[in-house]
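First comes the structure, then the notes that go with it.
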Amino acid sequence: MIRGLYQFPWRKNWTMSLDSRCLISRFSIVSALALEGDEIVFEALVNNRLSPLYNTKVVLRRLKTAQAQRRGKRAIEVLKKLARRRLMYHSYSMQVHGYISSLMSNGHSSFTLVHGHHSSFSLRHWLQQSDWLPTLEATLALDEESVRKVGDTTTGGPAVSRHSRLIRVLMRDLLIGVNYLHSHGLAHTELRLENVHISPVDRHVKRFSYQVGILGNAAYFHENAGSDNAPENNLDRRQMMIAFDMRCVGFMMAKMVLQELMDPLIFTKFKSFFTKGHDPSCLREYLLRVLEHRLSSGNVGLQILDRNWGAGWNLLSLLLANKPSKRISCLEALRHPFLCGPRWRVAPSKEIIRWGLGSTAVRIAEEYIYSRPQRRKLSHFIELMEMLTPHSKPKHWLEVIPGKWRFLYSTGRHIGLTLRQPPARVLIGDVCLTVARDSKLNNRLSLTSDIEFTVMRGRNWPHDKIGVNGKLVGYSSSRIQAGRRLYLKEENTTSQHVLAQKLSSQKWRKVIPFDELPSSLPAVKLVPADIDLTMKLDDPLSEDVDAARNVIQEVRTQVPPELFDLSKLICGTYVDSRLLILRSVDGSALLFTRSCLDENHR
């Protein structure tokens, strides 16, 4: 017997007056699609000539356990609410035609969902294919009209452009569908690649997808309201549920861009970055080491995230922010520069411009080709970042600066090995500055510089970099206080003239509150104390003390003197969760990026 019957309003002419015994007479089972723990999925063909779905393929999803049936009934309730706006519903969700509920002979109930047949695989399945990019492009039929809808100007091109365009199409479709849920007071709570399908019919991402029963886990924002603090509790609940969905969208975006994250082992390392509480703005520094890429140029996904002044990394950091209140919403993400093609002019905020300056400076520093134009450009970017510093007071620095910072670039002198004949051949590795706060009750910081190096032996050192590893460690403490950095007009007149021209342009006038180059900027003054220096070697070089002296001298020659003698660091001019700029006695700037890498990842 039929226990219950549900029909959507637009299916009034279709009656499902059948029980489990006549199921086969009204549907022709084509094939079994899936067999899972609590459900069986069949592909079927409607045989009822009176039905508007006659001769149409559908999916029969039989839910076996009580828990699965509760999910199915919950999904029906959710879909009833979503179906009010038919156009959005048909575009971004799987159509559910009805359900069959009957009482079986053994006393147990049977519940079967009948929903549309999408004729496609999950997004996870697409991404696991070797030729996923051209195949998915063909499925979506990306022509000039479709790419124009995401602000792009062309089709085809190199793999990076094609991949980037496809990510933009998928992400915008995904965010529109998730925003449709949120606008109806619902959170999905189960957004994963395997729950997302692409319909080849209308070329839309189907959010509620192949596993329709997953909507049984969807939750209303304002459930269980009734206490005295109901409005406040509902607001917090709504924010937390939206933030959870956005975090899931961030993980999906990361997998779509970086194919390496499809490997469960690498994705586990990726998730451990967040479980340890690291700031998502440092994700690039972490992934370059985990993926074993010293430069982003060897990886398509990293190049996509680096494009447009690092806009992709910024969007990822906002989607995966540790604090739910800091995560971006669907509408904000749809207006983000990363998801807007070149045809759409987006007015960037001060935060986006600050992020772009820092990202470009980091990429130029990584190339390690410091010609005069590059050095001049890096110097300009650093000075612009100092004008846009988000933290200018010592109390803010005490909260942000503690941590481990990897040295990237110095505007001072650069001396390498190529054109010299030093007594000891030393290859400099990672140079880090660790900042710790001595106590929350005072404004004193402890600074530790770690300079890793390798002493190379033999004449074949240009090709063989194996040698004795060592580390030079310097320690000092500094007291910080408010101060200002003065610009002397008689110095660097050419550099200041170029910078003043940049400030007067229309692009920078909107975000930098200066009509001309200021005479001073706020800074944090560093008052250093005594210095302690030690050197460690894995193996002794020789019994001669001069060998160790030559190594120290060579390290001092190649490394900026401020990292060898920490007392020469006199002020800090820029700090955020990702980058740090310190100035030395001679006025040169040292650029650092926060390092979140553990020793066992090296």
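Values below: all heavy atoms of this structure, side chains included; hydrogens, waters and symmetry mates excluded.
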Heavy-atom side-chain proximity of R284 to D306 below 4.5 angstrom: yes
Residues that R307 engages under salt bridge (charged side-chain N to carboxylate O under 4.0 Å, His left out), provided they are two or more places apart: none
Atom of I304, atom of F338 and distance for their closest heavy-atom approach: O-CE1, 3.7 Å
Option among P348, S317, P337 that satisfies the side chain to side chain contact (heavy atoms under 4.5 Å, CB included) test with W355: S317
Euclidean distance, D173 CG relative to M171 CE, rounded to 0.5 Å: 11.0 Å
Side chain S183, main chain Y180, donor-acceptor under 3.5 Å: yes
Any residue meeting side-chain contact (heavy atoms from CB on, under 4.5 Å) with C248, in chain and number order, not counting sequence neighbours: L191, F244
Distance (rounded to the nearest 0.5 Å) between L193 CG and M256 CE: 6.5 Å
P390 to D576 - nearest heavy-atom pair and separation: CG-CB, 4.1 Å
Verdict with supporting geometry, S595 and R289, side chain to side chain donor-acceptor pair (under 3.5 Å): CA-CA 10 Å; S595 176; R289 302 301 182 90; over 6 Å; no
Backbone of H188 reached by a side-chain donor or acceptor of D245 within 3.5 Å: yes
Between CG on residue N322 and CG on residue D279, distance to nearest 0.5 Å: 6.5 Å
Shortest non-hydrogen contact between T389 and Y574, atoms and distance: CA-CD1, 3.6 Å
Worked verdict on L258 versus L305 for side chain to side chain contact (heavy atoms under 4.5 Å, CB included): CA-CA 9 Å; L258 297 167; L305 296 173; 4.3 Å; yes
Closest approach of L334 to C340 (non-hydrogen atoms, all atoms of both residues): O-SG, 3.6 Å
Close side-chain approach of H182 and M246, heavy atoms under 4.5 Å: yes
Side-chain H-bond candidate by donor/acceptor type, E332 with H336, under 3.5 Å: no
Which atom of A321 lies closest to which atom of K326, heavy atoms considered: CB-CB, 3.9 Å
pair F111-T65: side-chain heavy atoms closer than 4.5 Å: no
Any I364 side-chain heavy atom under 4.5 Å of F381 side chain: yes
Whether F251 and F274 hold their rings parallel, tilted or perpendicular, with breakpoints at 30° and 60°: perpendicular
Under 3.5 Å donor-acceptor, S164 side chain and S161 backbone: no
Worked check of side chain to side chain contact (heavy atoms under 4.5 Å, CB included) between L287 and E260: CA-CA 10 Å; L287 285 179; E260 293 85 353; over 6 Å; no
Aromatic plane relationship, Y286 with F273 - under 30° parallel, 30 to 60° tilted, over 60° perpendicular: tilted
For L388 against L357, the heavy-atom pair lying closest together: CD1-CD1, 3.9 Å
Distance-only polar pair, side chains of R594 and S281, donor-acceptor under 3.5 Å: no
Pairwise side-chain contact, V114 with V46, heavy-atom cut-off 4.5 Å (strictly under): no
Inter-residue atom distance L175.CG - R172.CZ, 0.5 Å rounding: 8.0 Å
4.5 Å side-chain heavy-atom contact, K255 and R124: yes
Heavy-atom side-chain contact between L320 and R247 under 4.5 Å: yes
Minimum side-chain heavy-atom gap C596-E285 below 4.5 Å: no
Atom pair OG1/CG of T268 and D263 - distance to nearest 0.5 Å: 8.5 Å
From CZ (R327) to CD1 (I242), nearest 0.5 Å: 12.0 Å
